[in-house]
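Below, chains carry the letters A, B, ... as their sequence lines are ordered, and counting in each starts from 1.
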Protein chains: 2
Amino acid sequence: MRKTKEEAQKTKESILTAALSCFSVKGYFNTSLDEIAKKAKVTRGAIYWHFQNKSEIFDALHDSLHEPFIQAITRDLETDSPYPLQQLKELLVKLMMELEENTAKMKIMRLFYQCDYSGELQQFKKKHQDKKLKSLQLLQSYFDRAKQKGLLVAEADSEILTLTLHCFIKGMLYEFLTDSKLLNFKSHTEALTTQLFMGLNNCRSACPNTEQ
Amino acid sequence: MRKTKEEAQKTKESILTAALSCFSVKGYFNTSLDEIAKKAKVTRGAIYWHFQNKSEIFDALHDSLHEPFIQAITRDLETDSPYPLQQLKELLVKLMMELEENTAKMKIMRLFYQCDYSGELQQFKKKHQDKKLKSLQLLQSYFDRAKQKGLLVAEADSEILTLTLHCFIKGMLYEFLTDSKLLNFKSHTEALTTQLFMGLNNCRSACPNTEQ
DNA sequence: AATTATACATACATGAATGTATGTTGTCAA
DNA sequence: TTGACAACATACATTCATGTATGTATAATT
């Protein structure tokens, strides 16, 4: 019953997708390894061969989500738009729209927004928060660029702006992911983000009278 | 070993606070009724006398949090300020500040932000979402008033404004509650909220040139 | 003052999940 | 081609939480 290396890799991935499916239906703490095994059509023995325990599956899923996100921002930052905030807004709307079509990603995100890092998951809390900090630093560089280009009023604090944006995104995603009725991707993403940027974008052109 | 009615009420409350304490340390799904009982210095028998099961304790905690929130808004709406958005902003900042000093409330909120409504908690998801909707309607009335008073531009959509604000609050609270390092009540609450309202407040006086 | 129902504590039965130990089969390397 | 080890499956032991059934003392009721 030994399998080829590629086959083994396939079963590992099937375990991950089965776990995600179970988690998104019954939640992390309410799914047993046996349920995951049955969904993946293996036994618990296979899971214990590929992972140490359930929490390691959890962490593996987080990795698969965050890396592409960081990369998307990093790549976008390579182009130096004359209007960094416009660029940022478009990137965010684009990422949100992509999210809607990628149900697997939505399930993973929902998992991390809803779970509490208690019990066996405590060990990952700091690690995952550090990843978040990294992405925040990337976001801030958009505001820094805008300021350098003189697009923001002098008093604007790029850190405050970043945090405000971050809180908004977090809340919007939270609502998208946990309450399917309140927000609607197609009709609200663009409208809400535009509304927010109206404030973040406290620039001279938007309010020409406030300066000069 | 029978107790007086008031004594019984006290044990019920001690069970609730013990449960909250346990939940905030180990999470809902990782605390057993026996742990709660020990913390409250009773036995599981006492818990099963006062509550049907663990999830009913969870729901009782939610009630104790949301009712005062609704009441605070309702009472604030009784005074008809000439500047409704200013009034709203001040109320929000005030509520956030109060939150910081009320560690019990913070623990309850953290519980509901982090938990996933799966397993035995599914039954409460809709109920709790309906409560949220109610509070959203209350918030929207601030924007409606602002519009009636001619403080918003004609295109402003009070629903979009409310949702944007809601997402921001949600995200800010989420960060406050789950990541103690990122945000700081004293220094950030006012700054971020002010920043946000700069955008929500898309009124004539802020940008006199856009109208008339 | 006797009775009853309350407010629990104790005891028990059950089930479910975990981790590990061990078995088995096939692959790959030499 | 044949060990040796990889990739699991199976079996077992243990723990632990839940729900319920039952016991009990005492406050409240009459």
Go through the structure and list residues passing side chain to side chain contact (heavy atoms under 4.5 Å, CB included) with [X], not counting sequence neighbours.
X      : value
B/E120 : A/N30, B/Y28, B/F29, B/K54, B/S55
B/D76  : B/Q87, B/L91, B/Y142
A/A18  : A/I36, A/K39, A/A40

Which nucleotide span of DNA chain D, 5' end to 3' end, has atoms closer than 4.0 Å to non-hydrogen atoms of chain A?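 Span of nucleotides near chain A: D/dC5 to D/dT10.
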Write down the atom of A/F58, the atom of A/H128, and the distance for their closest heavy-atom approach.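 Shortest heavy-atom separation between A/F58 and A/H128 comes out as CE2-CE1, 3.8 Å.
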More than 12 heavy atoms of other residues, nucleotides or ligands under 6.0 Å from NZ of A/K127: yes or no?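 Buried by this count: over 12 neighbours within 6.0 Å.
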Look for any protein N or O under 3.5 Å of an N or O in nucleotides 23-30 of chain C and output each such pair with its distance, or none.
| unit_1 | atom_1 | unit_2 | atom_2 | d |
| --- | --- | --- | --- | --- |
| C/dT25 | O4' | A/M1 | N | 3.0 |
| C/dT25 | O3' | A/M1 | N | 2.8 |
| C/dT25 | O2 | A/M1 | N | 3.1 |
| C/dT25 | O2 | A/R2 | N | 3.2 |
| C/dG26 | O4' | A/M1 | N | 3.0 |
| C/dG26 | O4' | A/R2 | N | 3.4 |
| C/dG26 | O3' | A/R2 | O | 3.3 |
| C/dG26 | N2 | A/R2 | NH1 | 3.0 |
| C/dT27 | O2 | A/R2 | NH1 | 2.4 |
| C/dC28 | OP1 | A/T4 | OG1 | 2.8 |

Output side-chain donor-acceptor pairs under 3.5 Å for residues 62-71 of chain A, partner residues at least two apart or in another chain, one line each.
| unit_1 | atom_1 | unit_2 | atom_2 | d |
| --- | --- | --- | --- | --- |
| A/H62 | ND1 | A/K131 | NZ | 3.2 |
| A/D63 | OD1 | A/K131 | NZ | 2.5 |
| A/S64 | OG | A/L61 | O | 2.7 |

Heavy atoms within less than 4.0 Å of DNA chain C: which residues of residues 49-57 of chain B have one? Give them sorted by number.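 Heavy-atom contacts with DNA chain C come from B/W49, B/H50.
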Are B/Y113 and A/Y174 close enough that their ring centers fall under 6.0 Å?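 They qualify: ring centres under 6.0 Å apart.
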Please find out if less than 6.0 Å separates the ring center of A/F124 from that of A/Y117.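 Here the rings of A/Y117 and A/F124 have centres that are no less than 6.0 Å from each other.
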Is there any salt bridge (charged side-chain N to carboxylate O under 4.0 Å, His left out) pair reaching into residues 14-34 of chain A, and which pairs are they, with sequence neighbours excluded?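 Pairs touching residues 14-34 of chain A that pass the test: A/K26-A/E35, A/D34-A/K38.
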Would you list the pairs meeting salt bridge (charged side-chain N to carboxylate O under 4.0 Å, His left out) in which at least one residue belongs to residues 4-21 of chain A, sequence neighbours left out?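 Checked against salt bridge (charged side-chain N to carboxylate O under 4.0 Å, His left out) - neighbours excluded - no pair reaches residues 4-21 of chain A.
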With sequence neighbours left out, write down each residue that passes salt bridge (charged side-chain N to carboxylate O under 4.0 Å, His left out) with A/K3, or none if nothing qualifies.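 Testing A/K3 for salt bridge (charged side-chain N to carboxylate O under 4.0 Å, His left out), a comparison that skips the adjacent residues, returns none.
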Salt bridge (charged side-chain N to carboxylate O under 4.0 Å, His left out) with B/K134: which residues, sequence neighbours excluded?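 Result, salt bridge (charged side-chain N to carboxylate O under 4.0 Å, His left out) vs B/K134: none returned.
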Using heavy atoms and a sub-4.0 Å distance, could you list which residues of residues 12-47 of chain A are near DNA chain D? By number, please.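 Hits under 4.0 Å, by residue number: A/V42, A/T43, A/G45, A/A46.
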